[in-house]
Peer 1: 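Here's a structure for you.
Side-chain atoms are counted along with the backbone in the values below, which use heavy atoms only and exclude waters and symmetry mates.
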Amino acid sequence: MNKQADKLQGDGGRFEGTTFQDLLDLENVDVPEFLRTKSNPYLGDEDLPVERYISQEFFDLEKEKLWPKVWQMVCREEDIPEAGDHFVYDIIDRSVIVTRTESGAIKGYINSCLHRGRTLRDESGCVSEFRCPFHGATWDLEGNFKGIPCQWDFEHLEDRDMRLPQVQVDSWGGFVFINFDENCRPLAEYMEVMPEHFARYPLHKYYKGVHVQRVMACNWKVGAEAFMESFHTVETHKQIMTFTGDANSQYDTFGDHISRSVTPMAVASPHLEEIPQETITRDILKLSGRMGTDSDEKVNMPEGMDARRYVAEMNREIFAEASGEDLSDATMAELEDAILYSLFPNFQVWIGYCGNIVYRFLPNGNDPDSCIFDVMVLLRYPEGTERPEPAPCIVIPEDEPFSSCEMLGALGPVFDQDDANLPSVQKGMKASRKGAVSLASYQESRIRHMHRTIDKYLGLQGA
C-alpha cells in the first residue's frame with residue numbers, strides 16, 4: 001500500500017480544516033453510529049477510458065451483462081395502490097409490467113404477448129386484466145392465461161405453460177425493485193448496509209410529493225456521477241457556496257453496491273473568506289430548496305448562535321410540526337446536511353429529516369449518449385392522517401429547463417446548472433485526444449467505486 005493509500009485511510013486526504021466528523025462533535029444529542037462510520041479504502045488512481053461512456057460496444061456489454069443482473073428501482077408502492085394498477089418499466093430492450101394483484105401482492109411480468117410478441121401494455125395505468133391490443137390474447141392479474149379469440153385454432157397450446165413469465169420483485173422503503181436474474185441475491189442482501197443506515201427514516205411511510213422526469217444528453221453514468229461528488233460546487237453552483245461545505249465533504253464506500261457522500265450545510269465553503277453567520281442563514285433558506293422554509297423574512301438570530309445551529313433548530317420545529325414526530329433526538333446533520341446514498345447502479349436517495357430527494361438515471365433506449373433523469377422528493381405527513389396522493393410524473397421537454405417546473409422550487413436552477421455541463425461532458429469526451437478521464441483520489445472516489453463494480457458485472461480484467 002502506498003503513501004496515498006495510507007493518507008486516504010487516515011484523515012481522508014482532505015485539506016486541513018473542519019471535517020464532517022468535527023461537526024458531529026458539536027452535536028448536543030447522541031450521534032447515530034452510521035454517521036460516525038468512515039469507510040474509504042484506496043481504490044487506485046488510474047485513468048478511466050472515455051470509451052466507458054461513449055462507446056456503443058461498452059454500452060452493449062452493460063446491456064448484456066449488467067442490467068439483466070442488478071436490482072433496479074421501478075416505482076413507488078403508492079404508485080400502484082389498488083388491484084390492477086400497474087407501472088410499465090422499460091430498460092433498453094426489456095420491458096416489464098409491475099402490477100398489484102387481487103391478493104395485494106406486487107408482481108412483475110415480462111411485457112410481451114405469448115402469441116405474437118406485442119407489448120401487452122404501452123403505458124402505466126389500471127386494468128382488470130392484461131389483454132393484447134393486437135389479437136386479444138388475455139391474462140388475469142395473477143399472470144394466468146385466460147384465452148384468445150378463435151381458441152379452436154390454438155389446440156396445440158393447450159398443454160403448454162402459457163402463464164406470463166415473471167421477474168424477481170421486492171420492496172424497500174416503499175420503493176418497488178425488480179431483477180431479471182432468477183438466481184439473484186435477495187434485495188436486502190444486495191443493499192448491504194443501506195437498510196441499517198436508513199432505520200431511523202421509514203421511507204415507506206412518506207409520500208411522493210414531487211416527481212419530474214427529463215431526457216439528458218449524456219450517458220447514464222455521466223449523469224449519475226454528477227451527484228456523487230460536491231467538488232463541482234466551487235465552479236458550477238457558486239451561489240450555494242455561502243452555505244455549503246463542499247470541500248468539507250466525507251465520502252464512503254461500502255461493499256460493492258453502496259456509496260455515500262456527506263456534505264455539511266449551513267457552513268460556508270472553505271474556498272471562501274469569512275462569511276457572516278447571518279448571510280449563511282439567509283442564503284440557505286432562500287437558495288437551498290431543502291430547508292423547512294424558503295424565506296428569510298423571519299430570521300432573528302440570537303447573538304452568539306451560529307447558522308448551523310439556528311437553521312437546524314428552525315428545521316427541527318417545522319419538520320416536527322409537519323410530521324407529528326418528536327425530533328428532539330435528531331442531530332443537526334440529519335436536519336440539514338446533504339447525506340446522499342447510492343445503490344448500484346443508478347438509484348440515489350438522501351437520508352435525513354428534510355425532504356428526501358431521490359435520483360434515478362436510466363439509459364434512454366439503446367443510445368449511449370442519452371439518459372432519462374428522474375427526480376422525486378419524499379415528504380412526510382402527520383401519522384394517523386390520510387396519506388396524500390402521490391405526485392404524478394411531470395415530463396419536462398428536453399428543450400425546456402428544470403426551472404420551468406415550479407414544483408422543484410430552488411432545486412430547478414441547480415439542476416439547470418448541472419444540465420449545462422453534462423451534454424458538454426459527453427461531447428468533450430468524444431473530442432478528447434487524451435481518451436481518458438482522471439479522477440480526484442478522494443473527492444471522486446465514489447465514481448471509481450461504481451466503475452469497479454461495473455467491471456465485476458461485466459467480467460472485465462482486473463475486476
Side-chain angles (χ1 to χ4, degrees), residues 15 17-18 20 23 210 212 214 216 218 222-251 261-299 301 306-312 314-315 318 332-333 335-340 348 350 352 354-359 373 375 377 396 400-425 440 443-444:
F15 67 98
T18 303
F20 174 66
L23 292 173
V210 178
V212 301
R214 186 173 177 275
M216 307 281 276
C218 64
V222 170
E225 290 169 10
F227 295 87
M228 289 185 174
E229 44 85 6
S230 296
F231 176 38
H232 68 285
T233 299
V234 67
E235 189 63 31
T236 300
H237 306 304
K238 293 180 180 180
Q239 80 281 5
I240 71 172
M241 290 176 65
T242 55
F243 57 85
T244 303
D246 50 355
N248 304 91
S249 298
Q250 176 177 314
Y251 299 93
S261 60
V262 185
T263 301
M265 306 297 283
V267 295
S269 166
H271 294 289
L272 301 179
E273 299 297 329
E274 189 70 24
I275 303 297
Q277 291 297 304
E278 184 166 330
T279 299
I280 296 174
T281 296
R282 292 186 182 279
D283 284 359
I284 192 173
L285 295 180
K286 290 185 295 184
L287 301 176
S288 168
R290 296 182 57 252
M291 300 301 109
T293 178
D294 58 4
S295 171
D296 66 342
E297 291 183 1
K298 297 182 180 180
V299 170
M301 294 182 63
D306 61 32
R308 184 168 173 83
R309 194 168 300 279
Y310 180 82
V311 173
M314 176 184 291
N315 285 347
I318 294 174
M332 290 186 286
L335 290 165
E336 59 194 339
D337 288 345
I339 308 175
L340 177 59
Q348 304 184 31
W350 295 50
C354 306
N356 301 91
I357 307 174
V358 178
Y359 306 132
F373 178 34
V375 180
V377 181
I396 302 175
E400 292 187 11
F402 286 95
S403 54
S404 67
C405 180
E406 295 183 1
M407 293 182 66
L408 288 174
L411 295 175
V414 175
F415 293 148
D416 286 334
Q417 291 172 327
D418 291 314
D419 186 45
N421 284 327
L422 303 185
S424 296
V425 170
Q443 294 180 92
E444 295 174 318

Peer 1: Identify the two heavy atoms, one from I280 and one from A268, that lie closest to each other, and give their separation to 0.1 Å.
Peer 2: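 Where I280 meets A268 most closely, the heavy atoms are CD1-N, 3.9 Å.
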
Peer 1: Only pairs under 3.5 Å count here: list side-chain donor-acceptor contacts from residues 404-417, not counting sequence neighbours, and write none if there are none.
Peer 2:
residue: S404; atom: OG; partner: P401; partner atom: O; Å: 2.6
residue: D416; atom: OD1; partner: F402; partner atom: N; Å: 2.6
residue: D416; atom: OD2; partner: S403; partner atom: N; Å: 3.1
residue: D416; atom: OD2; partner: S403; partner atom: OG; Å: 2.7
residue: Q417; atom: OE1; partner: H237; partner atom: ND1; Å: 2.7
residue: Q417; atom: OE1; partner: Q239; partner atom: NE2; Å: 3.0
residue: Q417; atom: NE2; partner: Q239; partner atom: OE1; Å: 3.0

Peer 1: Between R309 and D306, which heavy-atom pair has the shortest distance, and what is it?
Peer 2: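 Closest pair (atom of R309, atom of D306, distance): N-OD1, 2.8 Å.
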
Peer 1: Are K298 and T293 side-chain neighbours, meaning at least one heavy-atom pair lies under 4.5 Å?
Peer 2: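 A side-chain contact is absent here, since even the closest heavy-atom pair is not under 4.5 Å.
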
Peer 1: Within the side chain of R308, is there an N or O that forms a donor-acceptor pair under 3.5 Å with the backbone of E336?
Peer 2: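 Such a contact is absent between R308 side chain and E336 backbone.
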
Peer 1: Which heavy atom in S288 sits nearest to a heavy atom in M291, and how many Å separate them?
Peer 2: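 The answer is OG-CE, 3.6 Å.
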
Peer 1: Going by heavy atoms in the side chains, are T18 and L23 under 4.5 Å from each other?
Peer 2: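 The answer is yes, as the side chains (C-beta and beyond) meet within the 4.5 Å cut-off.
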
Peer 1: Main chain of D296, side chain of R282: is a donor-acceptor contact present, judged purely on distance under 3.5 Å?
Peer 2: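 Flag set: sc R282 to bb D296 pair under 3.5 Å.
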
Peer 1: May I ask you to check whether T233 and T244 show a side-chain donor-acceptor distance below 3.5 Å?
Peer 2: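 Short answer, no.
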
Peer 1: Quick one, F20 with D337, criterion side chain to side chain contact (heavy atoms under 4.5 Å, CB included). Give me CA distance, side-chain angles, the key distance, then yes/no.
Peer 2: CA-CA 10 Å; F20 174 66; D337 288 345; 3.4 Å; yes

Peer 1: Hey, do the aromatic rings of Y251 and F231 have their centres closer than 6.0 Å?
Peer 2: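 For Y251 and F231, the ring centres are not under 6.0 Å apart.
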
Peer 1: Between N248 and P270, which heavy-atom pair has the shortest distance, and what is it?
Peer 2: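 Shortest heavy-atom contact: OD1-CD, 3.1 Å.
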
Peer 1: Do you know which two heavy atoms are closest between T281 and A307, and how far apart they sit?
Peer 2: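 Minimum heavy-atom contact is OG1-CB, 3.2 Å.
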
Peer 1: For V210 and V375, what are the C-alpha separation, side-chain angles and deciding distance, and is it a side chain to side chain contact (heavy atoms under 4.5 Å, CB included)?
Peer 2: CA-CA 8 Å; V210 178; V375 180; 5.7 Å; no

Peer 1: Are any non-hydrogen side-chain atoms of D283 and K286 less than 4.5 angstrom apart?
Peer 2: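 The answer is yes, as the side chains (C-beta and beyond) meet within the 4.5 Å cut-off.
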
Peer 1: Between the main-chain N or O of A224 and the side-chain N or O of Q348, is there a donor-acceptor pair closer than 3.5 Å?
Peer 2: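 Confirmed, Q348 side chain pairs with A224 backbone.
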
Peer 1: Using modelled atom types and a 3.5 Å cut-off, is there a donor and acceptor pairing between side-chain atoms of R290 and backbone atoms of I284?
Peer 2: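 Between the backbone of I284 and the side chain of R290 there is no qualifying donor-acceptor contact (under 3.5 Å).
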
Peer 1: Does the side chain to side chain contact (heavy atoms under 4.5 Å, CB included) test come out yes or no for L335 and M332, once each step is laid out?
Peer 2: CA-CA 5 Å; L335 290 165; M332 290 186 286; 5.6 Å; no

Peer 1: Under 30°, 30 to 60°, or over 60°: which ring-plane class applies to W350 and Y359, parallel, tilted or perpendicular?
Peer 2: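 The arrangement is perpendicular - the two ring planes meet at more than 60°.
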
Peer 1: Would you call M216 and D418 a side-chain contact if the rule is heavy atoms closer than 4.5 Å?
Peer 2: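 The answer is no; the side chains never approach within 4.5 Å.
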
Peer 1: Could you tell me the separation between the CZ atom of F243 and the CG atom of L285, rounded to the nearest 0.5 Å?
Peer 2: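 That separation rounds to 9.0 Å.
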
Peer 1: Excluding sequence neighbours, so at least two apart, what forms side-chain contact (heavy atoms from CB on, under 4.5 Å) with V234?
Peer 2: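 Partners of V234 under the side-chain contact (heavy atoms from CB on, under 4.5 Å) test: M241, D246, H271.
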
